[in-house]
Each structure stands twice: as structure tokens, then as C-alpha cells.
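Chain letters run A, B, ... following the sequence lines, proteins first and then strands; every chain starts at 1.
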Number of protein chains: 2
Amino acid sequence: MKFDKSLLSGSTQLLVLSIVAQEDAYGYEIITKLAEKSEHAFEMKEGTLYPVLHSLEKDGYLTAYEQETAGGRKRRYYHVTDKGLKELAAQKEQWNAFAAGVGRVLGEGSPA
Amino acid sequence: MKFDKSLLSGSTQLLVLSIVAQEDAYGYEIITKLAEKSEHAFEMKEGTLYPVLHSLEKDGYLTAYEQETAGGRKRRYYHVTDKGLKELAAQKEQWNAFAAGVGRVLGEGSPA
DNA sequence: AGGAAATACATTGAACATCGAGGTATATAT
DNA sequence: ATATATACCTCGATGTTCAATGTATTTCCT
């Protein structure tokens with residue numbers, strides 16, 4: 001496929017970038033928000049999220065800073081960079097093209 | 001994720017099932033049709049398709065029969081079974097839920 | 001006060017999917 | 001004759017995700 005790595009699995013990146021772009025967020029929070037917003041269609045696992053977060057940071061799409069709660073709990077917040085916003089836009093486009101393609105393949109012959 | 005294997009990568013199965021369900025087809029033809037119908041959003045590789053075809057057949061979603069062209073070229077046609085049609089319906093539902101979920105995550109905050 | 005559950009971070013090994021490259025063979029076009 | 005398209009297939013490398021596991025703190029319940 002043309003999209004596979006940059007979409008099928010890249011949908012993870014897309015989702016994470018999208019959440020963080022809306023508001024700075026920390027790991028645990030991202031998982032929660034994803035579940036909420038998708039109405040539990042997604043339930044991303046920590047083992048999936050953290051490596052993605054690290055690679056997004058390494059690639060310069062996100063920056064991280066630590067902050068303590070009133071309670072004293074440390075959280076690692078992520079913030080999207082300009083580069084990250086551009087990447088997000090690109091991945092959104094890719095997703096739309098992919099989804100439209102699937103729709104076209106499924107639609108003809110027996111419109112759901 | 002909840003869907004990953006049954007959707008992200010399972011989108012391959014969905015796509016193939018959908019093509020064959022519309023009309024019996026052989027391997028090479030499936031790749032061509034997928035490219036056409038999706039307006040080149042997908043370009044499935046043979047190394048991806050044939051293993052999928054074999055596993056769909058093994059699982060009873062497809063049956064195969066051989067046929068020769070006027071030219072004398074042998075083709076292995078695939079036909080969808082009742083079980084395959086049910087699976088297709090199920091995977092379509094999954095896809096729709098997934099796509100809707102992504103849409104919801106992307107949509108809020110900055111409606112494209 | 002004590003214990004369970006939720007919060008919050010992270011890593012590792014196994015499983016799985018896809019691709020790229022390679023292989024075989026026939027038909028058609030140049 | 002030779003190159004390209006058709007048509008099937010396999011294998012190894014790569015990359016992604018998950019389940020399991022680990023640590024530590026905070027909050028809730030009894």
C-alpha cells in the first residue's frame with residue numbers, strides 16, 4: 001500500500017498529534033482523551049503511546065516539559081511545534097484521502 | 001488499540017473482500033481494481049495480496065477456481081462465500097466505527 | 001490507619017502485517 | 001528477437017502494536 005506506514009500505523013501518530021495540538025497534554029491524559037473523544041472506538045495502550053510520543057519528540061513534532069500537580073505528582077506535558085502542526089495537516093490530508101478511497105471501494109456495488 | 005489487527009491491517013482484508021464480493025476476481029485483477037476504484041489511493045503489492053488471499057481462502061471466506069483465457073493464460077479466480085459476506089459486513093461496520101472515531105478526534109477543535 | 005484502586009511514567013519480548021526483492025512462466029507488442 | 005505486461009508465488013527485513021511487567025505516588029473507601 002502507499003499509505004500503510006504513514007497512515008495505517010501512522011493513524012496513531014495522527015491521533016496523538018491531533019490531541020496534543022488541541023491542548024498540551026501528558027501521556028495518561030492522551031489515552032483518556034482518545035477514548036472519550038472517539039467514544040471508546042480507540043483504547044490506546046501505554047506500550048503503544050510512549051514509543052510514539054518519544055519518536056514524535058525526537059522528530060521535533062513535539063516538545064516536552066515537566067510540571068507538578070498541586071498534589072505533587074509529576075507530569076510530562078507535550079506541546080506541539082510548528083513542524084508538528086504542519087505534519088498534522090499533512091497526515092490529516094493523507095487520512096482523508098485514504099478514508100475516501102476506502103469509501104469508494106466499499107460504496108460501489110452495495111452502497112451501505 | 002482495539003481495532004489495529006482487525007482494522008488497520010484488517011483494512012486490507014476488507015478491501016479485498018469488498019472487491020471480490022462485487023464480482024469474482026483474480027489476484028492481478030484485484031490489485032488493478034483497487035487502484036482504479038480508489039483513484040490510486042491504494043497500490044497494494046503482490047507480496048501483500050497473495051498471502052491475504054490465501055488466508056481468506058483458508059478461513060473459508062473465499063473459494064478459488066481456475067480458468068483459462070482465450071489466449072491460454074491461467075487465472076485463479078476467487079469467489080466470496082456466505083461466510084465471507086458476513087465477515088465483509090462485520091468489517092464494514094468496524095471500518096465505519098473506526099473512521100467515525102478518527103473524524104471525531106480530528107474534528108473537534110479545528111474542523112477541517 | 002490500612003489497603004485497594006487510580007494515576008503516571010516507562011521498557012521489553014512476542015506477535016503480526018506489509019513491503020521489497022526475487023523467482024517462474026506465458027502472451028503480446030515492438 | 002526482445003522487452004514489457006500479465007499472472008502466480010515465497011521469503012527475509014522492517015516496523016508497529018500489544019501484553020506483561022515494573023516503579024512510585026495519590027486518592028478513595030472502610
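- Taking atom CZ of A:Arg75 as the reference point, atom P of D:dT25 lies 16 Å away to the nearest angstrom.
- Taking the six-membered ring for Trp, B:Phe98 and A:Phe42 have ring centres closer than 6.0 Å.
- Rounded to an integer number of Å, the gap from CG of B:Leu49 to P of D:dA7 is 13 Å.
- With rounding to whole Å, A:Lys33 atom NZ is found 16 Å from C:dT7 atom C1'.
- A:Lys74 places its NZ atom 12 Å from the P atom of C:dA10, with the value rounded to the nearest Å.
- Taking atom CG on B:Leu15 and atom P on C:dA17, their separation rounds to 16 Å, with Å as the unit.
- The side chain of A:Tyr26 contributes an N or O atom lying less than 4.0 Å from OP1 or OP2 of C:dA8.
- A donor-acceptor contact closer than 3.5 angstrom is absent between the side chains of B:Lys86 and B:Gln91.
- Atoms OH (A:Tyr28) and P (D:dT25) sit 17 Å apart, rounded to a whole Å.
- Side chain of A:Glu46, nearest nucleotide from D:dC9, D:dT17, C:dA10: C:dA10.
- Across all strands shown, B:Arg73 has heavy atoms under 4.0 Å from base atoms, whether or not it also approaches the sugar-phosphate.
- In this structure, B:Ile30 atom CD1 and D:dC8 atom C1' are separated by 12 Å, rounded to whole Å.
- In this structure, A:Glu29 reaches neither bases nor backbone, as no heavy-atom distance under 4.0 Å exists between it and the strands shown.
- For the pair B:Thr69 and C:dA27, the criterion of a side-chain N or O lying under 4.0 Å from OP1 or OP2 is not met.
- The NZ-P distance, from A:Lys45 to D:dA20, rounds to 10 Å in whole Å.
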Practice problem: Take A:Glu39 and B:Arg104 through the salt bridge (Lys or Arg N to Asp or Glu O under 4.0 Å) test and state the conclusion after the steps. | Solution: CA-CA 9 Å; A:Glu39 286 166 29; B:Arg104 245 175 276 122; 3.5 Å; yes
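- Across all strands, A:Gly47 comes closer than 4.0 Å to base atoms (heavy-atom distances).
- For B:His54 and D:dC8, the shortest distance from a side-chain N or O to OP1 or OP2 is not below 4.0 Å.
- Within the nucleic acid shown, A:Gly27 comes within 4.0 Å of sugar-phosphate atoms alone, with no base atom in reach, counting heavy atoms only.
- Of all the heavy atoms in B:Asp59 and B:Lys83, the pair that sits closest is O-NZ, 2.8 Å.
- In this structure, B:Glu66 and B:Tyr77 have side chains that are not in contact, with every pair of non-hydrogen atoms separated by 4.5 Å or more.
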